[in-house]
Amino acid sequence: MSQFEQLDLVSAADGIAKKEFTSKELTTWSLDRLETIGRQYNAVFRIDHEAALSRAHALDALQASGLLLGPLHGVPLAHKDLIDVAGKEMHAGSKILKGHLAKKNAWVIRELDTAGQVNLGSLHMAEFAMSPTGFNGHYGHGLNPWNPEYPCGGSSSGSGIAVAARLVFGSLGSDTGGSIRQPAFMCGITGIKPTSKRVSIDGVFPLSHTLDCVGPLAQTARDCARLLTHISRPNPNDPWCTTHPNEDYEKALTGDLNGIRIGVPQDFYRENIDAEMTAALETSLEVLKGRGAKLIEVKVPNMVRIHDMLAIVLTTEAAQTHRDWFEKRPQDYSDQVRARIKPGFSQSAIDYVEALRARDHFIQEYLQLCLGNCDALHIPVARSHTPTIAATTSGDLDHVLHSISQLTSTNRAINYLGLPAMSVPAGFSSRAMPLAFQLVGKPFAENTILKIADAYQRDTKWHTMRPNV
């Protein structure tokens, strides 16, 4: 088969299992696209050609002997450059960590290896995961494959590009305030942030250990379900990881939404929203109604207060991670990143502890108002379409920081609340850039939001569209 770009992750895995093509054929094709298209759109940091081809060859030999490792056997993937791979460079998009070699595999890498992945390398990201657009002052912008004048979203920049441009069939990113959902939205793919610490963060470079999540970006909800199934086993050696039992998320994907109640808030999430985004949201709701879902209007709590709490936690924890480097190597941070970390050094210990203590109260308030009578919440990923790279970099620094902070205004609170959320493709703007909606679930209800997204994708084709690269 020559048109591998028509495959999603699940069909790629199925094709290998049925011996329609080999892992080596698929890996060779994927490596070539990473080397050409991936570098053109600044999607990659490192490509492990020899290791990937050797792994694919070994997996093909294993299959020839009658064995398959798992439901990802032989599928080419690549992951965000803050996830450790033993013996390989991991520099989290920074100048400071350049040359750093990981000592062991991150938990999620070990889990995907067990499931049969072929890991092709590390993907571009925003410096220390601190940009929702994919800005990187050291290594350049990640370029959106739909139009390189636009950002690809961040901080999981290369993950969004690589999946959207069909360079790999899935990728792991991280999300502290929208960094999976933002590139999924801007690049027109599907991405899910799981419940806080549902997936172990062992071996993942931290931005804010309280808020950080690891999750998949892929073409479809089913692809994401398969990846999430194989990275969400509890890690007994990670004190942050939950002990919630592992689930097979694909089992929930029936397409039937009868009895599913979807909350639709008007307050906050629909304020100052772009007309094209509104139209995409309304159209997606009609599709979900057609699948049997019941729509319920709901209220939201004081989101300003929740965002204040998140800012305290994020900046304080980021400052703690960066304290020594900030004192010894401040010149090795880009201006944007240095400005975003700096407020953390002035936060008081009292404010930080109170922000952590207040979290349970705000979680319960949000669950009661938004999800008390619903199974999931339907909100925008962003209030407007993707701005150009120029619009997010021009002007004085304070203006730029304010502009980019607005991009995640509908995402950030979800990390503080620890809830699962995902971005689902929902059309294109008049500028031919992707639009999306966001689903938010109750704690550990990833199966519910994946079920809703999958049902929607059975009746739409937005997730199948790919840029002309």
Any pair counted as side chain to side chain donor-acceptor pair (under 3.5 Å), so long as it reaches residues 424-439, sequence neighbours left out =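 Only R181-Q438, E276-S430, N411-Q438 qualify under side chain to side chain donor-acceptor pair (under 3.5 Å).
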Minimum side-chain heavy-atom gap [X]-[Y] below 4.5 Å:
| X | Y | result |
| --- | --- | --- |
| F437 | L285 | no |
| C224 | L450 | yes |
| L26 | V118 | no |
| P216 | D223 | no |
| P151 | M186 | yes |
| L97 | F205 | yes |
| V264 | Q266 | yes |

Sequence-distant partners of Y269, ring-ring contact (aromatic ring centres under 6.0 Å, His included), two or more places apart =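 None.
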Any residue meeting ring-ring contact (aromatic ring centres under 6.0 Å, His included) with H141, in chain and number order, not counting sequence neighbours |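 Residues passing ring-ring contact (aromatic ring centres under 6.0 Å, His included) with H141: F135.
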More than 12 heavy atoms from other groups under 6.0 Å of CG on D14 |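 Yes, enclosed.
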Distance-only polar pair, side chains of [X] and [Y], donor-acceptor under 3.5 Å:
| X | Y | value |
| --- | --- | --- |
| T254 | K451 | yes |
| Q63 | S23 | no |
| K442 | T448 | no |
| S159 | K80 | no |
| S208 | T210 | no |
| S284 | H378 | yes |

Contacts of type salt bridge (charged side-chain N to carboxylate O under 4.0 Å, His left out), residue E317, not counting sequence neighbours =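 For E317 there are no salt bridge (charged side-chain N to carboxylate O under 4.0 Å, His left out) partners, ignoring immediate neighbours.
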Can the positive tip of R383 be found less than 6.0 Å from the middle of the six-membered ring of F268, inside 45° of the ring normal?
-> yes
Assess whether salt bridge (charged side-chain N to carboxylate O under 4.0 Å, His left out) is satisfied between E111 and R233, documenting all intermediate values.
-> CA-CA 8 Å; E111 294 294 281; R233 185 170 64 91; 2.7 Å; yes
Exactly one of L120, N119, D48, D113 clears side chain to side chain contact (heavy atoms under 4.5 Å, CB included) with R55, and that residue is D113
Contact list for residues 123-142, test salt bridge (Lys or Arg N to Asp or Glu O under 4.0 Å), sequence neighbours left out = none
With D60, which residues qualify under side chain to side chain donor-acceptor pair (under 3.5 Å), at least two apart?
->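 None.
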